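Structure, as structure tokens:
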Amino acid sequence: MYIKNPMEIENKSMDIIDEVMGDTKFSEEEKIVAKRMIHTTGDFDYRNIIVFKNNFIKEAKKTISEGKTIFTDTKMAYTGINKPALAKAGCELKCFIDDDRVFSLSKELGTTRSACAVDLAVGEGIDIFVIGNAPTALFRILELVKEGKVNPRFIVGVPVGFVGAAESKEYLREFNMPSISTVGNKGGSNVAASIINALLYMVVGR
């Protein structure tokens with residue numbers, strides 16, 4: 001026999017994660033987010049590599065409760081974010097990776113579509129960024145911050161991979177803004193989505 005009820009499976013998983021985590025450096029709300037990241041990946045190493053900066057949870061919850069537009073770098077993260085919870089919060093989600101303008105700009109500038117999608121988002125006044133895949137997108141956001149072209153309300157910066165991922169997150173942690181990141185090459189669109197879902201559930205419930 002095996003457990004079939006979805007919520008029972010999730011609750012059992014969270015109990016197991018809680019037991020393994022034990023005492024941590026995280027606040028209670030930070031622990032909720034960390035547990036959701038571990039639940040998504042099946043990787044307990046996350047409890048050692050997550051970095052919260054500048055009252056990330058408080059600022060992110062406040063921003064979400066105001067019903068803002070959120071940018072994400074991939075369709076995978078877009079798909080993974082809970083749409084009913086997003087609607088309850090009055091938030092909108094944007095991903096420009098397939099936008100024709102992004103294709104054109106990418107060819108013109110010789111850079112990634114992910115980076116160009118950031119420019120499009122900033123041009124539309126978006127100031128909440130959820131990056132799970134592309135280091136170039138995170139680097140581009142931070143370039144625009146340095147240029148004074150955007151002042152992010154918060155950043156989820158968890159790009160994954162071996163080229164630029166660790167470096168882009170390390171650079172993010174140099175900035176004095178609300179953010180969550182991971183140390184090293186781990187992360188991903190699923191992780192980015194899990195962070196936003198955890199925040200949404202805190203603000204509006206399931």
Side-chain angles (χ1 to χ4, degrees), residues 33-34 36-38 40-43 45-54 56 59-60 69-81 93-99 101-124 126-199:
V33 174
R36 179 103 6 218
M37 294 165 75
I38 293 167
T40 295
T41 59
D43 186 350
D45 190 40
Y46 273 85
R47 70 189 189 272
N48 302 314
I49 63 172
I50 301 167
V51 180
F52 295 92
K53 282 205 67 180
N54 294 92
F56 170 77
E59 293 303 320
T69 301
I70 301 168
F71 167 85
T72 189
D73 62 331
T74 66
K75 288 290 187 183
M76 186 183 291
Y78 183 98
T79 300
I81 293 170
L93 195 59
K94 296 273 189 166
C95 177
F96 297 114
I97 199 69
D98 291 335
D99 192 291
R101 293 168 292 176
V102 166
F103 277 98
S104 299
L105 192 59
S106 175
K107 285 183 180 179
E108 180 186 332
L109 299 178
T111 188
T112 67
R113 284 188 292 143
S114 299
C116 294
V118 168
D119 283 279
L120 197 56
V122 170
E124 294 196 3
I126 297 172
D127 56 5
I128 303 166
F129 301 96
V130 179
I131 308 301
N133 185 68
T136 55
L138 186 52
F139 275 126
R140 184 59 184 148
I141 293 165
L142 299 173
E143 286 175 350
L144 293 170
V145 170
K146 293 278 279 189
E147 293 169 13
K149 293 179 179 176
V150 66
N151 183 26
R153 296 289 298 270
F154 70 83
I155 295 177
V156 172
V158 289
V160 63
F162 300 100
V163 180
E167 293 84 355
S168 66
K169 292 177 284 190
E170 187 175 337
Y171 188 41
L172 170 62
R173 290 189 287 273
E174 295 178 13
F175 285 75
N176 187 33
M177 65 181 74
S179 69
I180 180 173
S181 60
T182 49
V183 176
N185 64 330
K186 290 184 179 181
S189 297
N190 59 334
V191 176
S194 75
I195 293 165
I196 295 299
N197 285 338
L199 293 167

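FYI, the numbering just counts along the sequence from 1. Just the heavy atoms: all of them, side chains too, but no hydrogens, waters or symmetry mates, feed the values below. Since the model is a prediction, treat every value here as computed from it, not as a measurement.
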Correct closest heavy-atom pair for Leu172 and Ile180 would be CD2-O, 4.2 Å
Do Ile128 and Arg153 have side chains that approach each other closer than 4.5 Å (heavy atoms only, starting at C-beta)? yes
Check your understanding: Taking everything shown except Glu170 itself, do over 12 heavy atoms lie less than 6.0 Å from its CD?
Key -> no
All heavy atoms of Val102 vs all of Ala117, minimum pair found to be CG2-CA, 3.8 Å
Heavy-atom count around Met177 CE within 6.0 Å, excluding the residue itself: above 12? yes
For a 4.5 angstrom cut-off between non-hydrogen side-chain atoms, does Thr40 reach Tyr46?
no
When rounded to the nearest 0.5 Å, the distance separating NZ of Lys186 from NZ of Lys169 is 10.5 Å
(request) Verify, without hydrogens or angle tests, whether Thr72 (side chain) and Val130 (backbone) share a donor-acceptor contact under 3.5 angstrom. (result) yes
The residue among Ser181, Ser168, Ser114 that forms side-chain contact (heavy atoms from CB on, under 4.5 Å) with Leu138 is Ser168
**Prompt:** Tell me, do Asn197 and Ile81 make a side-chain contact under 4.5 Å, heavy atoms counted?
**Reply:** yes
- Looking only at atom types and distance, does a side-chain atom of Asn133 sit under 3.5 Å from a main-chain N or O of Thr74, one as donor and one as acceptor? no
ring-ring contact (aromatic ring centres under 6.0 Å, His included) filter on Phe175, not counting sequence neighbours, yields Tyr171
Practice problem: Please check if the side chain of Thr79 supplies one atom and the backbone of Lys75 the other of a donor-acceptor pair under 3.5 Å. | Solution: yes
Item to complete: Report the C-alpha separation of Val33 and Phe52 in whole Å, then their side-chain angles, then the decisive distance to 0.1 Å, and conclude whether the side chain to side chain contact (heavy atoms under 4.5 Å, CB included) test is met.
Response: CA-CA 10 Å; Val33 174; Phe52 295 92; 4.2 Å; yes
Interatomic distance, CZ@Arg113 vs CZ@Phe96, rounded to 0.5 Å, equals 14.0 Å
CD of Glu167 to CG of Asn185, rounded to nearest 0.5 Å, is 10.0 Å
Those residues at least two apart in sequence (or on a different chain) that pass ring-ring contact (aromatic ring centres under 6.0 Å, His included) with Phe154 are Phe56
When rounded to the nearest 0.5 Å, the distance separating OG1 of Thr182 from CG of Asp43 is 10.5 Å
Lys53 and Arg173 have their tightest heavy-atom pair at NZ-O, 2.5 Å
| field | Lys/Arg-Asp/Glu bridge criterion (N-O < 4.0 Å) met for Glu143, Arg140 | value | yes
Closest non-hydrogen atoms of Pro159 and Pro135, given as atom of the first, atom of the second and distance, are CB-N, 3.8 Å
Is there side-chain contact between Tyr78 and Ile97, with heavy atoms separated by less than 4.5 Å? no
Pair Asp127-Asn151, side-chain donor/acceptor within less than 3.5 Å = no
Rounded to the nearest 0.5 angstrom, the CG-OG1 distance for Asp119 and Thr111 is 9.0 Å
All heavy atoms of Ala193 vs all of Ala77, minimum pair found to be CB-O, 3.9 Å
Rounded to the nearest 0.5 angstrom, the CG-CG distance for Leu120 and Leu105 is 8.5 Å
When every non-hydrogen atom of Ile195 is compared with those of Val158, the smallest separation belongs to CD1-CG1, 4.1 Å
